[in-house]
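For reference, the structure discussed in these notes is given below.
Letters A, B, ... are given to chains in the order of the sequence lines, protein chains preceding strands, and every chain is numbered from 1.
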There are 2 protein chains.
Amino acid sequence: MNAGPATGRPSTKERIVTAGAELFRRQGYTGTGLKQIVAEAEAPFGSVYHFFPGGKEQLGAEVVRTSGAAYGALFTAAMEAAPDPVTGVRDFFAGAARTLVETGYADACPIATLALEVASTNEPLREATAEVFTGWIALGTAAFAQAGIGERAARELTIALLSALEGAFVLARALRSTEPLEVAGESVAARASALLTAPDAGRG
Amino acid sequence: MNAGPATGRPSTKERIVTAGAELFRRQGYTGTGLKQIVAEAEAPFGSVYHFFPGGKEQLGAEVVRTSGAAYGALFTAAMEAAPDPVTGVRDFFAGAARTLVETGYADACPIATLALEVASTNEPLREATAEVFTGWIALGTAAFAQAGIGERAARELTIALLSALEGAFVLARALRSTEPLEVAGESVAARASALLTAPDAGRG
DNA sequence: ATCGTTCTTGATAGATCGCTCTAGCGATAG
DNA sequence: CTATCGCTAGAGCGATCTATCAAGAACGAT
């Protein structure tokens, strides 16, 4: 029943999930071994199968859901902290670019690499990534709708935002440049601005 | 010196590259074994190391460059076949969506999965993917510039296009839906249209 | 104190990984 | 014919992979 910190140290399970999230994000799912995860987590090997009887796949699913929720919260926080949605979008892309540079172009989307790897090879994990993306779309749609954009336009704006963000991450990591994030962010901000300036365009 | 077809069958090297391209695209780089590649290619295992003394990494680099060039040609062909750039963009996204559906959401970008996997773990392969992306940016910039868009705006439009495309691929494969490709394509088409309608906006 | 449960721990199995190595086939040149 | 060379062919190496297993430590409940 130990969920954690009598001491300041996170529980073994938490450390495994955290280490798995970091390694899956940077090296992908198939490229990361359980041995490497437990080494990074400073956890005994057997604990993986104690907490995740379903093995690597179950750990992967939990990592996807956990870090997906965390990243969604990051987006919501950026949107709520900003005076308007356009600024929120700009801030979010700028923050993503900053993180990317600070981590040596390692930390971008927490689930994209895994998502592409498993999309055609592992149905349970594919479903986990689909659930996360669906949740992000709902989050963004709600945020833009609250700002006065029609439901349908808000949804399409969110999908365009996520597409631009994920794609910019691919280019940015490969090219080791933040230019794609800047261009993509400005592109989405412009579209959001247009929808807010001429609100009739986006009533759905 | 056999580059191929006295018979109709492609050379062993070609079959290995083709099989590698298909498997890396669908399952990723670390998720694909050399044994699986030679089985798919109906080639002897030893031939891999005959043609690619550098092993899996060298094969990966050749696959990236080959299929990157082929995909670039596909883009150029779509742009040249279309009456105007906006239609070209729409056709290209629509064609990508069609391929995705026809292959059961397996065949999207030929190098994206590999690019994310190796971006922080394998510098030679990362450089190969960076070269391909740089080539695509040059291709798109030239195509849009030829249509009358200023050099700088053409470059940014191309980066926005590639970001939207790659990101839409991620979402589409995970969600098993073409909606992201449709939304992203329309978004890029709209931006291209705006740059062509008001050409002064894009003189750089 | 004793029991039961939860969690820790690492050795180990069985499969697969990338890669090396040697042997041999078949076409061509001399 | 013989020699050479490009390529075929696959057995096998050490390493690593996921997963299993049995045993012990920690701890609360009775």
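Sorted by residue number, the members of residues 31-43 of chain B with any non-hydrogen atom under 4.0 Å from DNA chain C read B:Thr32, B:Gly33, B:Leu34, B:Lys35. Within residues 52-66 of chain A, the residues that have a heavy atom under 4.0 Å from DNA chain D are, in order of number, A:Gly55, A:Lys56. A heavy atom closer than 4.0 Å to some atom of DNA chain D occurs in no member of residues 112-120 of chain A.
The minimum heavy-atom distance linking A:Ala154 with A:Phe144 is given by the pair CB-CB, 3.8 Å. Looking at every heavy atom in both residues, B:Lys13 comes nearest to B:Glu62 through CE-OE2, 3.5 Å.
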- Would you check, one step at a time, whether the test side chain to side chain donor-acceptor pair (under 3.5 Å) holds for B:Gln27 with A:Thr121? CA-CA 7 Å; B:Gln27 314 178 346; A:Thr121 60; over 6 Å; no

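Residue B:Phe45 places its side chain closer to D:dA11 than to any other of D:dA11, D:dG6, D:dA9.
Under the rule for a salt bridge (Lys or Arg N to Asp or Glu O under 4.0 Å), B:Arg191 has no partner lying at least two apart in sequence or in another chain. By the side chain to side chain contact (heavy atoms under 4.5 Å, CB included) test, B:Ala82 is found to be paired with B:Thr87, B:Asp91, residues two or more places apart in sequence or in another chain being considered.
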Using a 3.5 Å cut-off and no angle test, enumerate the donor-acceptor pairs between side-chain atoms of residues 36-57 of chain A and protein atoms at least two apart in sequence or in another chain.
| unit_1 | atom_1 | unit_2 | atom_2 | d |
| --- | --- | --- | --- | --- |
| A:Lys56 | NZ | A:Tyr29 | O | 2.9 |
| A:Lys56 | NZ | A:Thr32 | O | 3.0 |
| A:Glu57 | OE1 | A:Asn122 | ND2 | 3.1 |

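At the phosphate of C:dC7, neither OP1 nor OP2 sits under 4.0 Å from any side-chain N or O atom of A:Ser47. For the pair B:Tyr49 and C:dC19, the criterion of a side-chain N or O lying under 4.0 Å from OP1 or OP2 is met. OP1 or OP2 of C:dT8 has at least one side-chain nitrogen or oxygen of A:Thr12 nearer than 4.0 Å.
Residues A:Tyr29 and A:Gly46 both approach DNA chain D. Their nearest nucleotides, taken by heavy-atom distance, put A:Tyr29 toward the 5′ side.
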